[in-house]
K.L.:
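The structure that follows is given in the form of structure tokens.
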There are 2 protein chains.
Amino acid sequence: MSASLLAIYHVESDAGSIDKRAQAIAVEQSVEMPVEAIDNDYVLSEIVGRVEAVKPLGGSRFEVRIALSVDTIGSDAGQLLNMLFGNTSLQDDVVLHDAEIPVALAESFGGPRIGLEGLRQWAGAGPRALTCSALKPQGSPPQKLAALAAAMAQGGIDYIKDDHGLADQSYSTFAARAAAVTKVLRTQGTNTYYVPSLSGDLDTMRQQITVARECGIRALLIAPMIAGLSNFQRLVGENSDLAFMAHPTMAGASRISPPLLLGKLFRMFGADATVFPNYGGRFGYSQATCRDLAQAALGDWQGFRAAVPVPAGGMTLERVGEILDFYGPDSMLLIGGDLLRSGDRISQVAAAFVDQVKRHAHG
Amino acid sequence: MSASLLAIYHVESDAGSIDKRAQAIAVEQSVEMPVEAIDNDYVLSEIVGRVEAVKPLGGSRFEVRIALSVDTIGSDAGQLLNMLFGNTSLQDDVVLHDAEIPVALAESFGGPRIGLEGLRQWAGAGPRALTCSALKPQGSPPQKLAALAAAMAQGGIDYIKDDHGLADQSYSTFAARAAAVTKVLRTQGTNTYYVPSLSGDLDTMRQQITVARECGIRALLIAPMIAGLSNFQRLVGENSDLAFMAHPTMAGASRISPPLLLGKLFRMFGADATVFPNYGGRFGYSQATCRDLAQAALGDWQGFRAAVPVPAGGMTLERVGEILDFYGPDSMLLIGGDLLRSGDRISQVAAAFVDQVKRHAHG
């Protein structure tokens with residue numbers, strides 16, 4: 001195989017069956033037919049997946065490394081996922097654990113266009129962690145969400161994102177929300193960015209981006225697993241001056257490792273920031289998963305800009321110090337619900353959150 | 001809540017915690033914030049998810065029925081999935097088991113435009129089961145795939161689909177493949193339809209459809225979970241004279257019940273046929289899952305046309321009788337790899353497959 005990527009699976013199997021199972025995955029993820037019925041030399045030498053290594057991980061778990069031809073991908077994000085895990089996602093005994101992507105393929109995607117440094121510059125944040133909150137609940141009219149954004153901005157929050165449930169609903173259209181929120185933010189005189197949520201098909205998301213640009217918006221929330229990875233890739237390519245924050249909705253927990261999907265792959269396709277469930281919140285991610293995910297978003301890889309890890313999901317103000325100790329300053333802290341709990345005192349509580357992040361940077 | 005859909009989850013929990021867990025899912029899938037911090041009456045009465053019922057299923061499993069406002073959906077397929085399972089997909093203890101969709105919402109999607117009856121008419125098949133095979137392996141040049149299609153058509157196969165791994169690769173572009181395959185099929189004088197595989201973003205898929213139309217192609221394979229459900233919905237709406245066959249790649253096995261996703265939802269968004277892993281093949285679906293899935297695709301629901309269940313995945317010629325006994329004639333049998341095994345005798349073996357299906361109908 002001349003140019004290949006490596007898919008790394010964790011497979012449940014007994015030791016006597018693992019070699020056969022590994023070979024079956026290699027076939028499933030490439031030619032999906034009996035290899036003995038293939039008479040084409042190019043297909044046999046270049047296209048059929050090749051088991052590179054099988055390594056016991058203890059108990060009934062094995063790591064299986066399979067080389068897949070890059071020729072099968074082109075440079076399409078959806079097809080990359082199809083080749084890495086498509087049919088095998090239907091088989092319960094396999095987790096897609098990691099992938100090694102050759103430089104040329106990675107470069108064709110391009111990674112974050114704005115990234116950690118860009119988002120810090122926009123916010124005038126220097127080397128500290130960034131702060132983020134979320135506009136909720138869905139069902140609220142644009143004016144109500146705008147008032148909430150104003151209070152958060154008064155407190156000095158850097159980025160205010162939509163809840164990922166905010167779409168283009170009749171009670172709060174994307175356009176009405178974008179206009180209302182950006183209008184109040186302009187009157188605050190703070191360096192706060194609004195990050196509205198894209199939804200719908202590619203055409204609809206493009207129209208939303210046009211509206212957002214007219215409002216002066218420079219960052220957008222997108223759900224790559226719902227939008228379709230190829231459409232995410234397309235929007236990033238068309239809007240390299242805008243920042244994209246990726247949301248993990250529908251990304252599942254159990255079958256593709258979060259560091260690979262939310263860290264490495266979303267970053268490669270162009271996410272400038274990636275939201276994920278923090279350990280100790282409402283979701284079951286471990287500290288190790290969160291650490292690996294942050295490292296995948298930030299680490300030196302493929303020459304890409306760093307994407308900002310955005311731990312979220314039931315975070316509280318009391319935990320800010322601990323979370324900053326854990327992630328360090330190369331992160332964006334997202335506190336949504338806990339801020340909203342403070343009712344009329346949102347701007348003061350937001351200011352306390354921001355202050356804590358700033359002091360931690362100098363601590 | 002004036003107009004609601006019902007999401008039905010299966011949740012692992014102990015009996016003492018299930019009510020609280022059910023309430024947490026209702027909040028997660030709607031407002032995603034502390035309910036006590038919401039001061040808007042409309043949001044409280046209409047938008048906050050409402051636990052309708054909690055029912056023990058035996059052991060530590062519970063069925064939880066949650067009403068969600070249709071106002072949060074609009075008529076966007078991606079947003080429907082986001083509301084049904086978005087963040088909860090990140091929590092290991094929950095499976096999305098089923099959904100009850102109100103008529104108005106279902107009608108806004110529209111269901112299959114061609115459906116079982118249309119696909120039968122096109123193929124001149126009468127009331128028998130339809131036959132299908134697949135062009136493989138990827139890596140083959142268009143001429144080779146075309147020759148394979150010709151052999152299958154000689155055998156009288158109704159629908160010949162691309163392997164879902166066939167995208168727009170340099171060694172076999174969509175356009176070259178579409179032209180080559182349709183050219184040889186025209187010379188066969190049989191009633192065989194080619195179903196090429198769409199890939200890439202919405203623009204790219206549209207271009208592929210334009211090319212397909214120029215070749216006289218009337219049916220297309222699409223992977224809704226990779227394309228993005230909203231884009232699938234858009235393409236169906238724009239091409240109501242074409243048939244769409246949905247492929248389950250990346251649809252996972254474990255966290256959304258296959259009858260719901262591959263049967264009900266894909267049908268609602270417009271799949272005319274839905275491919276799924278048959279029991280007893282390479283995948284772990286049970287007979288009960290397959291029966292429920294076929295029923296979801298075919299059954300009387302929302303006034304929709306029936307979508308054709310297409311059992312696939314390691315099926316063999318020896319099993320044709322058994323599979324037809326199981327599914328009955330309202331199905332399309334897809335045999336790929338096992339047909340390709342027959343080498344130079346593909347057309348004869350395809351003819352035997354077709355003959356067996358026809359005889360079964362009169363048995």
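Per chain, numbering begins at 1; letters A, B, ... match sequence-line order.
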K.L.:
Which one of A/Leu81, A/Leu340, A/Asn40, A/Asp203 has the most heavy-atom pairs closer than 4.5 Å to chain B?
P.N.:
A/Asp203

K.L.:
Counting only non-hydrogen atoms closer than 4.5 Å, does A/Asp201 touch chain B with its backbone (N, CA, C, O), its side chain (CB onward), both, or neither?
P.N.:
both

K.L.:
Pick one of side chain, backbone, both or neither for A/Leu229, based on which atoms fall under 4.5 Å of a heavy atom in chain B.
P.N.:
backbone

K.L.:
Between chain A and each of B/Gly86, B/Gly337, B/Ser199, count heavy-atom pairs under 4.5 Å; write down the option with the most.
P.N.:
B/Gly86

K.L.:
Let me know if A/His247 has heavy atoms under 4.5 Å from chain B in its side chain, its backbone, both or neither.
P.N.:
side chain

K.L.:
Do the non-hydrogen side-chain atoms of A/Met205 and A/Ile222 ever get within less than 4.5 Å of each other?
P.N.:
yes

K.L.:
Go through B/Lys136, B/Gln79, B/Arg341, B/Gln138 and name the one with the most non-hydrogen pairs under 4.5 angstrom from chain A.
P.N.:
B/Gln138

K.L.:
Side chains of B/Pro137 and B/Asp163: does their closest heavy-atom pair fall under 4.5 Å?
P.N.:
no

K.L.:
What part of A/Ile47 gets closer than 4.5 Å to chain B, counting heavy atoms only: side chain, backbone, both or neither?
P.N.:
side chain

K.L.:
Answer with side chain, backbone, both or neither: which region of A/Tyr42 has an atom nearer than 4.5 Å to a non-hydrogen atom of chain B?
P.N.:
side chain

K.L.:
Is the distance between the ring centroids of A/Tyr285 and A/Tyr279 less than 6.0 Å?
P.N.:
no

K.L.:
Test side chain to side chain contact (heavy atoms under 4.5 Å, CB included) on B/Asp93 and B/Arg21; report intermediate values, then the result.
P.N.:
CA-CA 10 Å; B/Asp93 58 339; B/Arg21 184 74 189 95; 2.7 Å; yes

K.L.:
When you compare the side chain of A/Lys144 with that of B/Asp39, does any pair of heavy atoms fall below 4.5 Å?
P.N.:
yes

K.L.:
Considering only heavy atoms from C-beta outward, does the side chain of A/Leu221 approach that of A/Leu166 to under 4.5 Å?
P.N.:
no

K.L.:
So which part of A/Asn231 gets closer than 4.5 Å to some heavy atom of chain B, the side chain, the backbone, both or neither?
P.N.:
both

K.L.:
Is there side-chain contact between B/Met315 and B/Leu334, with at least one heavy-atom pair below 4.5 Å?
P.N.:
no

K.L.:
Heavy-atom pairs under 4.5 Å with chain B are the metric here; pick the option from A/Ala227, A/Gly284, A/Gly74 that has the most.
P.N.:
A/Ala227

K.L.:
For the residue pair A/Tyr171 and B/Thr72, establish whether any side-chain heavy-atom pair is separated by less than 4.5 Å.
P.N.:
yes

K.L.:
If you count heavy-atom pairs under 4.5 Å between each of A/Pro248, A/Gly200, A/Gly78 and chain B, which one has the most?
P.N.:
A/Gly200

K.L.:
Given that the side chain runs from C-beta out, which part of A/Asp168 has a heavy atom under 4.5 Å from chain B: side chain, backbone, both or neither?
P.N.:
neither

K.L.:
Of the backbone (N, CA, C, O) and the side chain (C-beta and beyond), which part of A/Ser30 lies under 4.5 Å from a heavy atom of chain B, both, or neither?
P.N.:
backbone

K.L.:
State, yes or no, whether a side-chain contact exists between B/Ser230 and A/Thr204 at a heavy-atom distance under 4.5 Å.
P.N.:
no

K.L.:
Which one of A/Val43, A/Thr88, A/Val31, A/Asn82 has the most heavy-atom pairs closer than 4.5 Å to chain B?
P.N.:
A/Asn82

K.L.:
Does any part of the side chain of B/Gln208, heavy atoms only, come nearer than 4.5 Å to the side chain of B/Leu235, both counted from C-beta?
P.N.:
no

K.L.:
Which heavy atom of B/Ser172 sits nearest to which heavy atom of B/Leu145, and what is that distance?
P.N.:
OG-CD1, 3.9 Å

K.L.:
If we ignore hydrogens and angles and just use 3.5 Å, is the side chain of A/Gln233 paired with the main-chain N or O of A/Phe109 as donor and acceptor?
P.N.:
no

K.L.:
I'd like to know which of A/Met83, A/Glu32, A/Gln169 tops the heavy-atom pair count under 4.5 Å against chain B.
P.N.:
A/Glu32

K.L.:
Which answer fits A/Glu36, side chain, backbone, both or neither, if we ask what part of it has an atom under 4.5 Å from a heavy atom of chain B?
P.N.:
side chain

K.L.:
Would you mind telling me which of A/His164, A/Met33, A/Gln29, A/Glu46 has the largest number of heavy-atom pairs within less than 4.5 Å of chain B?
P.N.:
A/His164

K.L.:
Between A/Glu28 and chain B, with a heavy-atom cut-off of 4.5 Å, which part of the residue counts as in contact: side chain, backbone, both or neither?
P.N.:
side chain

K.L.:
Check each atom of A/Pro277 against the heavy atoms of chain B and say whether the ones under 4.5 Å are side chain, backbone, both or neither.
P.N.:
side chain

